[in-house]
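All values derive from a computational prediction rather than experimental measurement. Excluded from the calculations below are hydrogen atoms, water molecules and symmetry mates; all remaining heavy atoms, backbone and side chain alike, are included. Just so it is clear: chains get the letters A, B, ... in the order the sequence lines come, proteins before strands, and each one is counted from 1.
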Amino acid sequence: MKIASWNVNSIKQRLPHVTGWLKENRTDVLMVQELKGLEFPEMDIKAAGYESVCVPQKAFNGVAIISKESCETVLTALPGDDSDEQARYLEVDYKGLRLINIYLPNGNPVDTEKYPYKLAWMERLSKRAKLLREQTIPFLIGGDFNVIPEGKDCYDPQSWTGDALFRPETHAAFRRLLNLGLTDALRIHNHAAEQYTYWDYQGGAWPANKGIRIDHFLLSPPLADKMRSCTIDRNPRGQEKASDHTPIIVDIDWN
DNA sequence: ATGGCCCTTCCGAAGGGA
């Protein structure tokens with residue numbers, strides 16, 4: 001089963017990119033983040049041969065899961081804070097697999113309420129993952145984590161010092177997730193540097209390959225055991241009117 | 001080179017993203 005994740009930075013702007021990519025790659029599932037609007041082009045996705053379930057929000061955030069067969073929605077918000085109205089979480093069951101699509105808060109600037117919100121969100125995510133582990137439900141968490149796991153996951157570690165994506169507290173929260181027994185899928189087979197999933201629009205970051213790795217798949221133990229491959233498709237980032245992120249794809253020996 | 005991003009919303013400018 002092939003499952004992909006892609007922060008599209010507005011589904012309205014990126015619809016042709018998404019349908020074109022699906023046509024070419026035919027993954028079983030595509031998780032998308034940063035829809036940036038209340039309207040979701042369900043019928044266009046349907047015409048491309050895919051079902052979809054969406055958690056939208058006006059102007060900001062928004063996540064959806066696009067899949068060949070229908071998903072069963074389990075949760076449309078991350079538990080742990082009823083006052084949190086940001087559309088950043090979608091959990092579904094797909095063919096006996098629990099799929100969690102996240103758009104984890106950026107957290108910058110760190111001297112505002114945005115950073116504690118990010119850290120609290122990560123703790124809530126850990127709580128959720130811990131519960132699924134205890135229930136021995138096979139699951140994966142995919143999406144835009146807004147976490148640079150290590151120095152080799154960015155072009156210039158020095159320049160990221162103090163940033164919400166790279167702070168010690170962020171790394172600690174990410175490690176707490178991994179310590180539940182989850183595996184960073186890309187790093188199972190690939191330990192090379194420069195495995196980027198995001199390049200800033202500014203300053204010629206893409207042609208200079210000044211990227212960062214912030215889009216991830218975390219696999220629970222049975223899925224890590226069954227993973228065939230995890231790859232990053234750089235092609236979409238080079239297209240006209242590209243998103244600043246590019247897709248990551250995990251292939252699991254499941255069904 | 002004197003500057004060099006892209007998206008949203010409500011209408012030229014401001015806020016968010018990372």
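Heavy atoms of other residues, nucleotides or ligands lying less than 6.0 angstrom from NZ of A:Lys95 number more than 12. The local environment of CD in A:Glu134 is crowded, with over 12 non-hydrogen atoms from other residues, nucleotides or ligands closer than 6.0 Å. Within 6.0 Å of CG in A:Asp253 there are more than 12 heavy atoms belonging to other residues, nucleotides or ligands.
Between B:dG3 and B:dG17, the two P atoms lie 28 Å apart (nearest whole Å). Nucleotides B:dC7 and B:dG12, compared at atom C1', are 16 Å apart to the nearest Å. To the nearest whole angstrom, the two P atoms, one in B:dA13 and one in B:dA1, are 30 Å apart. Between B:dC10 and B:dA14, the two P atoms lie 16 Å apart (nearest whole Å). Spacing of C1' atoms, B:dG16 relative to B:dT2, comes out at 29 Å, to the nearest Å. Look at the P atom in both B:dG15 and B:dC11: the space between them is 15 Å, to the nearest Å.
Taking the centre and axis of the six-membered ring of A:Tyr196, the NZ or CZ atom of A:Arg213 falls outside the cone set by 45° and 6.0 Å.
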Original post:
Quick one: what's the B/S/- string for nucleotides 8-18 of chain B, heavy-atom cutoff under 4.0 Å, read 5' to 3'?
Top reply: SSS-----BSB
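Using a 4.0 Å cut-off, no side-chain N or O of A:Arg14 falls inside it from OP1 or OP2 of B:dC6.
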Report, one line per pair, each donor and acceptor closer than 3.5 Å where one atom sits in a side chain of residues 135-149 of chain A; sequence neighbours left out.
| from | atom 1 | to | atom 2 | distance (Å) |
| --- | --- | --- | --- | --- |
| A:Asp144 | OD1 | A:Asn146 | N | 3.0 |
| A:Asp144 | OD2 | A:Asn7 | ND2 | 2.9 |
| A:Asn146 | ND2 | A:Leu104 | O | 2.7 |

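For the pair A:Glu240 CD and B:dC6 P, the interatomic distance rounds to 10 Å; values are reported in whole Å.
A:Ile232 CD1 to A:Arg234 CZ: the interatomic distance, rounded to the nearest 0.5 Å, is 8.0 Å.
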